[in-house]
Enquirer: 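Got a structure for you, written out below as structure tokens; questions coming shortly.
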Amino acid sequence: MFDQYIVCEEGFRARDDGRAGGVVEVRMPYYRGLTLSMVEAVDLVLDGRPVPPADTTLTVHGNTYAPDQLGRTTDDRWEMGERAQLAFLTDEPLAPGEHDVAVAVRLRISYMPVPGGGRDRKRLTLAS
Amino acid sequence: MFDQYIVCEEGFRARDDGRAGGVVEVRMPYYRGLTLSMVEAVDLVLDGRPVPPADTTLTVHGNTYAPDQLGRTTDDRWEMGERAQLAFLTDEPLAPGEHDVAVAVRLRISYMPVPGGGRDRKRLTLAS
Amino acid sequence: MSLEDCIRAAADCGALGIEVIPEQSIPGYPHLTDEFVDTWHGWMQRYGTHTAATDLFLDTKRHPDRWLTLEEQVASIRQDVDIAVRLGARIVRAIINTSPEVMAAAAPYAEEAGVRLLLEVHAPFHYEHPWILQHLEVMYRTGSPALGLMPDMGTYVRRFPRVVSERALRDGAKPELVDLVVRTYDEHGDTHALMDVVHYRGGGPADFGLARQATHYIWSEPKAMLDHMPLIGHVQAKFYEMTDEGVEYSIPYDEIVPVLVDGGFDGHLSSEYEGNRHVQDAFPVDSVEQVRRQHAMFARLLGEQDPVLPGAGQTTTGTGSI
Amino acid sequence: MSLEDCIRAAADCGALGIEVIPEQSIPGYPHLTDEFVDTWHGWMQRYGTHTAATDLFLDTKRHPDRWLTLEEQVASIRQDVDIAVRLGARIVRAIINTSPEVMAAAAPYAEEAGVRLLLEVHAPFHYEHPWILQHLEVMYRTGSPALGLMPDMGTYVRRFPRVVSERALRDGAKPELVDLVVRTYDEHGDTHALMDVVHYRGGGPADFGLARQATHYIWSEPKAMLDHMPLIGHVQAKFYEMTDEGVEYSIPYDEIVPVLVDGGFDGHLSSEYEGNRHVQDAFPVDSVEQVRRQHAMFARLLGEQDPVLPGAGQTTTGTGSI
Ligand SMILES: [Mn+2]
Ligand SMILES: [Mn+2]
């Protein structure tokens, strides 16, 4: 039921550090906040091309994590409804205008035998 | 129960047509023969790198099919236990010696709600 | 809706007992600031409400590479008991994956804190199921006043929720297969091979999803609760659709409430609305109205003129819950 | 083993009725050459065997983009009836996903060909299940002599097959969870939420797989067949393990055979060995010996001194089947 809220309509923008790439704001498809160690993946497909996880970071309330750090982070959470920043690198700077942004979130939920999470895909316009 | 028989130990060789690539012999992981239209995929990963399906063909008893032809081939079958030839193209000719060969077969079985098939992975030595 | 909005809305319904999921509603969990706690109690005072219960989760799979030890699991429960105490709750929902051993090991701490740990009996579990029998064995053997049960009324789904089958139709399910699934469920027929049959009949993803749903719902006689009334300290009043006529479409509360009254139950019936996810694709969701209707129904079934009753409105009206 | 080897081995066991899966054993299916057909009948003569039955599949999902129409499905059945006739079989196994409408529409053709189309009643189906009830309705309403049932004895699994649980242990399942699954199944307890419990207890893939298996097997009373004896023309004698003592570990043939005798059954008990896949990882598989033992058991239960009996050995001894 939360899938449609994963990719935020607003906030899609170029990176703050001037490198090629961008930032998309994302929400967790779940009804409670979750300790980051249980966030198994936040995968991004930009304009049909998967972005390698190593080229992304996830920022929750100001704290930035590489994907391989999430598993051992038991002292920070991604809150329910919180807009996290999924920053990513690309080879070339993003073209102005619309992009196809697909995000899949995989969560490890202790009372469920199968992985939790969800996926969403939206066309977003790069903030100028 | 048939997964271990998918990749044949023998018959791993260079292509007959002299192009860069090779041929691996494969069996279907199922207890009966199946019309080719129900063979959804025969995917090859060579030395850890997926080979694009468009760079492969499947040959059953002398008849060769591109992956996108299988779905509409209702007049030919891959028989139970039959060694089919999965031929593939690579950028460079295959190096002599051992290679890691992984094959995943996906079948559409009418009495099963989920896809059938299986996967196998072996180290094969290129026939010289 | 803000958390305060939820509390105000519950109070407006006459639902004065508030059940809260800290991990959902309290940013920063498990660290509650004194400021948050003061704010919470301020709201309770302002709206005439009280904290009926908190809901705990037990993240046994917190680490990617190993299961939590028994000690770590008990520590997690203790932390949630402490939070319940700070929020003024005397009841904590123990999630269904909490093992009987963890309940036993956590009971003394809860007892000392004056809090009851109630295992949520959630579908497809029931009082004859081995998992629940093992829990009952612990509860009866230890006789701990801190342990008990919190039945979720999703265990009493007599009719297939039409909000679910209608959603399947909107998602492209075949009418005759939807009918088959609904009919099989409603006759309490064999749902075991229902997915197979839906498949043999040419069903697609929407049909499968519906057939799978039919294996998740269960119906059993509500009177089964009478055998365990001393253990039942709270009820999660799951519901899918309060109709314009003021009844729940699937769950026969007109049979459930009398059973609870007979059994001398004096806890809360805490609204847990789970229809939103099934209608949000096509209709505006009015969770508050749904909760209001459920509480009006409770008042009617309890013979109360005055809609102010001991029932509780969960703060989680807009979201799902287990 | 070649196809001829399979037939010879069956004959050596005293199993003279041969059931064959054309799609498995006849390369070139659905085109049978006259040469193959001659060879087949030559084998029957040489080994003193006869064709007891053929097994059809119905590929409703033959095309990637659409379901077969009713007419195409009936044409598929007709083709398999023709093959049965050429091979000398009077019985054809209709696979469980064959719909009642297709059975009804194919019946006249089968009747004219002198062949019975028997729906395989496969686990988890049983005689009260809606899918089977719909088939029974067609069979009783049309009264067609060409339609009937082929019970698979996998519907009478009273004890969890130990070849399956022992394999799970070799694959890394936790002994206490294997024990839980086996015990729950053996007590015919609630397997509904078994996967959940195995998960709450920290189970991994091998434990899950086993719990899922427990929901696939079923047990019901074999006497239920007595209500439908005129329809039962053939039995697939599924088995998982013939022990050194000459009994099937899981399926009580000592209760099943007397029921069939009481009911006046005079067809074949056709061996269907399904243990191979569970032991092949660790042990040499001797399917022929397993079939031999099963037929010796049938002879014993039928009070025959002479091991030559009407039972059939399937040619599919080395492989799986539905
Ligand atoms: Mn609940
Ligand atoms: Mn069978």
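Below, chain A is the first sequence line, B the second, and so on; all start at residue 1.
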Enquirer: Among the options D/Leu180, D/Leu194, D/Thr184, D/Val197, pick out the one with the most heavy-atom pairs lying under 4.5 Å from chain C.
Expert: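 When all of D/Leu180, D/Leu194, D/Thr184, D/Val197 are compared, D/Val197 has the most.
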Enquirer: Using non-hydrogen atoms and a 4.5 Å limit, figure out which bit of C/Glu101 sits close to chain D: side chain, backbone, both or neither.
Expert: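 For C/Glu101, the contact with chain D is made by the side chain alone.
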Enquirer: Between C/Tyr200 and D/Ile96, does the side-chain contact (heavy atoms from CB on, under 4.5 Å) criterion hold? Intermediate values first, please.
Expert: CA-CA 9 Å; C/Tyr200 303 161; D/Ile96 183 74; 3.4 Å; yes
Enquirer: Check each atom of C/His199 against the heavy atoms of chain D and say whether the ones under 4.5 Å are side chain, backbone, both or neither.
Expert: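 Both parts, heavy atoms under 4.5 Å.
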Enquirer: Looking at residues at least two apart in the chain, or sitting in another chain, which of them share a salt bridge (Lys or Arg N to Asp or Glu O under 4.0 Å) with C/Arg66?
Expert: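 By the salt bridge (Lys or Arg N to Asp or Glu O under 4.0 Å) rule, C/Arg66 matches C/Glu72.
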Enquirer: Within the structure provided, determine whether C/Phe125 and D/Asp196 are in side-chain contact (heavy-atom separation under 4.5 Å).
Expert: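 Yes, close enough: below the 4.5 Å cut-off.
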Enquirer: At a heavy-atom distance under 4.5 Å, which candidate from D/Thr215, D/Thr191, D/Thr60 has the highest pair count against chain C?
Expert: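 Of the candidates given, the most pairs with chain C belong to D/Thr215.
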Enquirer: I would like to know whether C/Arg201 and D/Trp67 meet side-chain contact (heavy atoms from CB on, under 4.5 Å); could you show each step before the answer?
Expert: CA-CA 10 Å; C/Arg201 289 283 186 201; D/Trp67 210 255; over 6 Å; no
